[in-house]
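Both counts, for ligands and for their atoms, begin at 1 and track the order of listing.
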Amino acid sequence: MNVTILGAGTAIPARDHSPAGLFVEAGGERLLFDAGPGTLQRLHAAGGSLFTLDRVFLTHYHLDHCLDLASLLFALRIPAPSPGAAPRWLRHLPRQAGESCPPRAPLAVYGPPGLKRLYRRLNRALNGWLTPRHYALRLKELKETSVKLGKGATVRARWMRHAAPALGYRLEAEGKRIAYSGDTDVCDALVELGRDTHLLILECSVPDERKVAGHLTPTECGRIAAAANCRHLALTHFYPVFKGYDIRGRVRRAFRGRLTLARDFTSFTL
Ligand SMILES: [Zn+2]
Ligand SMILES: [Zn+2]
């Protein structure tokens with residue numbers, strides 16, 4: 001299983017900390033968790049491709065987690081280039097009406113209730129340019145449930161505690177377990193989501209002294225990781241307010257396992 005953090009930041013631009021996005025290759029599928037602004041560009045830079053994504057899981061509909069859904073659906077209207085069929089400079093141009101194009105597998109997009117409304121409104125605001133062409137788009141609104149992937153892999157969704165309805169996700173594939181909090185405050189469901197994971201990816205928005213409801217601090221992340229008994233904790237979603245702050249020291253008061261403070265493109269092989 002390969003996991004790449006495409007954005008380790010928030011809505012506030014910061015060097016090495018772009019809005020939320022997580023690319024996972026597992027169970028023979030390519031998955032995107034969250035799609036903040038710029039995620040498509042960083043997916044490409046990380047060696048992935050929007051044309052071969054199988055599923056997108058959105059945690060919630062704050063802009064720093066979902067805006068590139070529109071970029072993705074717009075880009076997917078342009079048929080995937082078939083290598084060798086056209087000169088390199090022509091491959092990314094749209095085909096003419098009626099021209100055959102290689103079929104793309106359906107794309108499934110998951111998120112909390114409100115996903116279909118979000119899609120409709122975005123598509124209306126963008127004059128219909130998100131309407132799928134050459135592929136099937138499957139929008140699936142989730143509550144607390146499990147989604148079956150290929151090769152016995154599963155993604156489980158749990159409600160988190162945030163300013164907007166938000167899900168956290170746990171992926172089990174190839175004998176490995178990872179969990180991703182999205183945005184959340186401390187809650188029992190988060191500890192359950194991360195229970196005995198090989199990799200737990202938690203948002204860590206603000207310092208202990210600047211606690212904001214609906215988000216986590218370093219000390220809280222350390223306690224959650226310890227309670228969940230994860231092997232490896234990766235922190236992401238850092239606001240620039242952390243500049244010069246000893247995040248690691250705060251986490252270490254409670255958590256003794258492996259610890260990574262993510263930047264854009266931090267990746268893990270499990
Ligand atoms: Zn956020
Ligand atoms: Zn949020």
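- In this structure, Asp264 and Arg42 have side chains that are in contact, with non-hydrogen atoms separated by less than 4.5 Å.
- Within the 2.8 Å limit, His215 places no N, O or S atom next to the Zn ion (ligand 2).
- Distances from the Zn ion (ligand 2) show that Asp183 has an N/O/S atom below 2.8 Å.
- The name of the N, O or S atom in His237 nearest to the Zn ion (ligand 1) is NE2.
- Taking backbone and side-chain atoms together, His65 has no N/O/S atom less than 2.8 Å away from the Zn ion (ligand 2).
- By the 4.5 Å heavy-atom criterion applied to side chains, Tyr135 and Leu76 are counted as neighbours.
- The local environment of CZ in Arg210 is sparse, with at most 12 non-hydrogen atoms from other residues, nucleotides or ligands closer than 6.0 Å.
- Looking at heavy atoms from C-beta onward, Arg158 lies out of side-chain contact with Leu167 at the 4.5 angstrom threshold.
- Take the Zn ion (ligand 2) as the corner point: the lines to ND1 of His62 and to NE2 of His162 open at 90°, to the nearest 10 degrees.
- No other N/O/S atom of Asp64 lies as close to the Zn ion (ligand 1) as OD2 does.
- Inter-residue side-chain proximity for Leu202 and Leu200 is flagged as met; some heavy-atom pair is nearer than 4.5 Å.
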CA sep, side-chain torsions, deciding dist, call: Leu31, Leu171, side chain to side chain contact (heavy atoms under 4.5 Å, CB included): CA-CA 10 Å; Leu31 316 170; Leu171 167 66; 4.2 Å; yes
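- For the Zn ion (ligand 1), the set of nearby N, O or S atoms under 2.8 Å includes none belonging to His60.
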